[in-house]
Amino acid sequence: MCILGTSKPENRKRAKDWLTWSLRRRRRRRSPHHRAMPPTPLFWALSATALVSVLVQCRPSAADFLTEVEYRRQVRSDIKAGRRPRARPVAAAQPSGGEEEGGPRRSPVAPPLFRMHQWADGSWALDAAIVSVGCTRRGCLIGLACLWWRLPSWPMEWDVYMLGAIHAYSTFCSNEIYFRNFAPRLRAPHSILLGSVATRSMWELLWVGSTLLGLGSDLQRAVGRFGFIGLYLGAGISASLVSALYRRSAHGHGGVLALCAYHTFMAPNARHNIMGVELGAKSALAVQLALACSGAFQGDAPLPVFASNLAPCLVAIAAYCLVRLRLIPRLAANFL
């Protein structure tokens, strides 16, 4: 009997109930293996591994950085002269067989994950896992997905102003934001980084800001913008880590102490100006350490205070020795 072909209301209702019952029965009979399962951690791990492998294979080689820079300069000159820009040069393909024709076949060599290239004009390029980074004295390029991309640039002085602005924010932010983000704790890695620029008093902000503006430009010209930021943050993180180990609040003058120590070793006969008082480099470093360790003479625990203030100085001394021994190459002066 065909119930779907009739126009009676009771038959239409019977047909609707039968379709609903058959669909429910089919769903109950369906095996659980046919249901959509959420992605497992193994799936995400394999997907991430495949993506990283593709990015490494598609990464431009750092050895071709100067070729890309020269091509961009030629294109710029062609545009200024009103000529049509020339085509981009194509890199030669790597042979997959033997060196001679008919030689034994071999698998292609995988690109190196990390390799540094330096040139006589101060330019450098680095193969770093999934990206390549190259810098000249006028700017930097980053290689990703078979192409070179230009990084945004800003003046050298903005690096110092940016650090000063972060110090000022930690001073004027609320207590809740400060203790959640700038108080170093081992279980919160971001607080170790932000603790390196944590200043809580106006006096400390004035001291850190004046020293940073006074010595920042000299250190940038001496060790480069990348070296300056690395030295400042590395010394600050060492002080913040010591404070976290002793379960104490961080101070933000670790980077300033490292700058003073490095500048003292670099130019021992220089003159420093501290709050309007002109002193020699060694005397200025001693005064800076005395100001930093003043809490130990005011009833505070001396060991954490001395340890958190000497750690940045040791980082600066180690960085100076490594640069002098040429174990750390000096990067381009204009990092960005």
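- Under the 4.5 Å side-chain heavy-atom criterion for ILVMFWY residues, no single connected hydrophobic cluster contains both Tyr246 and Leu310.
- Nearest heavy atom pair, residue Ser132 against residue Asp127, reads OG-OD1, 3.0 Å.
- The minimum heavy-atom distance between Ala63 and Trp119, with the atom names listed, is O-CZ2, 4.3 Å.
- Atoms CG and CZ, on Asp218 and Phe228 in that order, are 10.5 Å from each other to the nearest 0.5 Å.
- Of the N and O atoms on the side chains of Ser196 and Ser240, not one donor lies less than 3.5 Å from an acceptor on the other residue.
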Check your understanding: Can Arg72 and Leu141 be said to form a side chain to side chain contact (heavy atoms under 4.5 Å, CB included), step by step?
Key -> CA-CA 11 Å; Arg72 289 173 179 258; Leu141 299 176; 3.8 Å; yes
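- For Thr136 and Ser123, the side-chain atoms include no donor-acceptor pair closer than 3.5 Å.
- Taking 4.5 Å as the limit, some side-chain heavy atom of Cys321 sits within range of a side-chain heavy atom of Ile317.
- Counting only heavy atoms from C-beta outward, the side chains of Leu215 and Cys260 approach each other to under 4.5 Å.
- For the residue pair Ala235 and Gly254, the shortest heavy atom distance occurs at CB-O, 3.8 Å.
- Residues Leu51 and Leu46 fall into different hydrophobic clusters, defined by Ile, Leu, Val, Met, Phe, Trp and Tyr side chains chained together at heavy-atom separations under 4.5 Å.
- The SG atoms of Cys146 and Cys58 sit 2.5 Å or more apart.
- Under the 4.5 Å side-chain heavy-atom criterion for grouping Ile, Leu, Val, Met, Phe, Trp and Tyr, Leu212 is connected to Ile166 within one hydrophobic cluster.
- Crowding of Met202 atom CE: a count of heavy atoms from other residues, nucleotides or ligands under 6.0 Å not exceeding 12.
- Note that CG of Leu206 and OG1 of Thr211 are 9.0 Å apart. Values are rounded to the nearest 0.5 Å.
- Between Ala319 and Leu231, the closest heavy-atom pair is CB-CD1, 4.2 Å.
- Note that the CD1 atom of Ile192 and the CZ atom of Arg187 stand 10.5 Å from one another [nearest 0.5 Å].
- Both Leu259 and Val197 belong to a single network of hydrophobic side chains, linked directly or stepwise wherever heavy atoms of I, L, V, M, F, W or Y lie under 4.5 Å apart.
- In this pair, Tyr320 and Tyr262 present their aromatic rings perpendicular. The plane angle is above 60°, beyond the 30 to 60° band.
- The minimum heavy-atom distance between Ala183 and Ser191, with the atom names listed, is O-CB, 3.2 Å.
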Review point. Run the side chain to side chain contact (heavy atoms under 4.5 Å, CB included) check on Leu257 and His253 step by step: do they pass?
Key: CA-CA 6 Å; Leu257 292 177; His253 51 259; 3.9 Å; yes
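- Between Thr171 and Tyr178 the shortest side-chain heavy-atom distance does not fall below 4.5 Å.
- Here the CG-CZ distance, from Leu205 to Arg200, works out to 11.5 Å after rounding to the nearest 0.5 Å.
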**Study point:** Test side chain to side chain contact (heavy atoms under 4.5 Å, CB included) applied to His251 and Asn309, step by step
**Key:** CA-CA 9 Å; His251 57 77; Asn309 288 295; 3.6 Å; yes
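- Here CG of Leu219 is found 6.0 Å from NE2 of His263. Values are rounded to the nearest 0.5 Å.
- Ile142 CD1 to Leu126 CG: the interatomic distance, rounded to the nearest 0.5 Å, is 10.5 Å.
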Practice item. Show your working on side chain to side chain contact (heavy atoms under 4.5 Å, CB included) between Tyr161 and Leu213 and close with a plain yes or no. Key: CA-CA 8 Å; Tyr161 298 153; Leu213 292 176; 3.8 Å; yes
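- What you find for His117 and Ala62 is that their closest heavy atoms are CD2-CB, 3.5 Å.
- Ring geometry for Tyr232 versus His167: interplanar angle over 60°, hence perpendicular rather than tilted (30 to 60°).
- Ion pairing of Arg180 with Glu176 is present here, as a side-chain N (NZ or NE/NH1/NH2) and a carboxylate O approach within less than 4.0 Å.
- In this structure, Trp148 has its ring center under 6.0 Å from that of Phe65.
- Annotation: Phe265, atom CZ; neighbour count of heavy atoms from other residues, nucleotides and ligands within 6.0 Å does not exceed 12.
- When side chains are defined from C-beta on, Asn181 does not count as touching Cys173, because their heavy atoms never get closer than 4.5 Å.
- Counted within 6.0 Å of CZ on Arg83, heavy atoms from surrounding residues, nucleotides or ligands total more than 12; the atom is thus considered enclosed.
- Placement of Leu163 and Trp158 within a single hydrophobic cluster is found when ILVMFWY residues are connected by side-chain heavy-atom separations under 4.5 Å, directly or transitively.
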